[in-house]
Amino acid sequence: MVFNSDNFDAEVLKSDIPVVVDFYADWCGPCKMMSPAVSAMEPLFEGKVKIGKLNVDDAGEIAEKYNVMSIPTLIFFRNGEPVETSVGLISRDTLQEKIENLAK
């Protein structure tokens, strides 16, 4: 899923299930390395956790609101509130573990 300025409130803040937002940019090397792991999580948690990407170049005001200073940054939301933030590249196993904890 792609998050942006138009759908962020509805899809993230008002979501009835937890949400993982991957803050990234097209020019970011580590973001490109992180992307396959994030995409692989979507089908694993379908219906339990919403997982998507937000391009910081297109939605800088959202990145600024959540103090995203470097990318990739993953922010884990529950009930519209950020409950965990992960900055930098993490392994697929670590990502899956974090999402499993969010889904509980």
Side-chain angles (χ1 to χ4, degrees):
M1 165 162 260
V2 175
F3 300 125
N4 56 44
S5 300
D6 295 331
N7 71 6
F8 192 82
D9 281 0
E11 295 291 347
V12 178
L13 302 182
K14 295 178 181 164
S15 176
D16 55 356
I17 61 174
V19 182
V20 178
V21 181
D22 175 15
F23 289 82
Y24 80 101
D26 292 331
W27 48 263
C28 166
C31 298
K32 291 178 184 173
M33 293 168 61
M34 187 81 219
S35 186
V38 173
S39 296
M41 295 299 125
E42 289 185 59
L44 293 178
F45 292 95
E46 191 172 339
K48 296 182 195 120
V49 177
K50 195 181 298 184
I51 300 168
K53 303 169 83 52
L54 184 132
N55 187 321
V56 297
D57 290 335
D58 296 337
E61 73 285 353
I62 296 172
E64 191 174 307
K65 177 180 179 181
Y66 292 100
N67 298 314
V68 175
M69 300 295 175
S70 55
I71 48 177
T73 290
L74 298 168
I75 300 182
F76 302 80
F77 289 84
R78 184 181 288 121
N79 300 320
E81 295 294 324
V83 294
E84 184 178 354
T85 301
S86 175
V87 179
L89 202 54
I90 59 173
S91 72
R92 181 181 170 144
D93 289 345
T94 300
L95 176 60
Q96 186 168 343
E97 186 178 304
K98 287 178 179 293
I99 297 173
E100 285 169 356
N101 287 335
L102 182 68
K104 289 180 183 172

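Computed from a prediction, not measured in an experiment: that's the story for all the values here.
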Going by side chain to side chain contact (heavy atoms under 4.5 Å, CB included), [X] matches just one of [options]. Which one?
X: Leu74; options: Ile99, Ile51, Ile90; answer: Ile90
X: Cys31; options: Leu89, Thr73, Ile71; answer: Ile71
X: Val49; options: Val20, Ile17, Val19; answer: Val20

For [X] and [Y], which heavy atoms make the closest approach, and how far apart are they?
X: Phe45; Y: Gln96; value: CZ-O, 4.0 Å
X: Gly88; Y: Met34; value: O-SD, 4.5 Å
X: Leu102; Y: Arg78; value: O-NH2, 2.8 Å
X: Ala25; Y: Val56; value: CB-CG2, 4.0 Å
X: Pro43; Y: Ser39; value: CD-O, 3.4 Å

Do side-chain atoms of [X] reach the backbone of [Y] as a donor and acceptor pair under 3.5 angstrom?
X: Asn4; Y: Asp6; result: yes
X: Asp26; Y: Asn55; result: no
X: Lys50; Y: Glu11; result: yes

Does [X] [atom1] have over 12 foreign heavy atoms under 6.0 Å away?
X: Asp57; atom1: CG; result: yes
X: Met1; atom1: CE; result: yes
X: Glu42; atom1: CD; result: yes

State yes or no: do [X] and [Y] share one hydrophobic cluster built from I, L, V, M, F, W and Y residues joined by side-chain heavy-atom distances below 4.5 Å, directly or via other members?
X: Val68; Y: Phe3; answer: yes
X: Ile75; Y: Phe8; answer: yes
X: Met33; Y: Val21; answer: no

Side-chain touch Lys53/Ser35, heavy atoms, less than 4.5 angstrom: yes
Going by atom type alone, with no hydrogens or angles, which donor-acceptor pairs under 3.5 Å involve a side-chain atom of residues 58-67 and a protein atom two or more places apart or on another chain?
from	atom 1	to	atom 2	distance (Å)
Glu61	OE2	Ser5	OG	2.3

Residues Lys98 and Asn101: side-chain donor-acceptor under 3.5 angstrom: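 The criterion, which ignores hydrogens and geometry beyond distance, is not satisfied for Asn101 and Lys98.
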What distance do Phe23 atom CZ and Ser70 atom OG have between them, rounded to the nearest 0.5 Å?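 Interatomic distance, Phe23 CZ to Ser70 OG, rounded to 0.5 Å: 12.0 Å.
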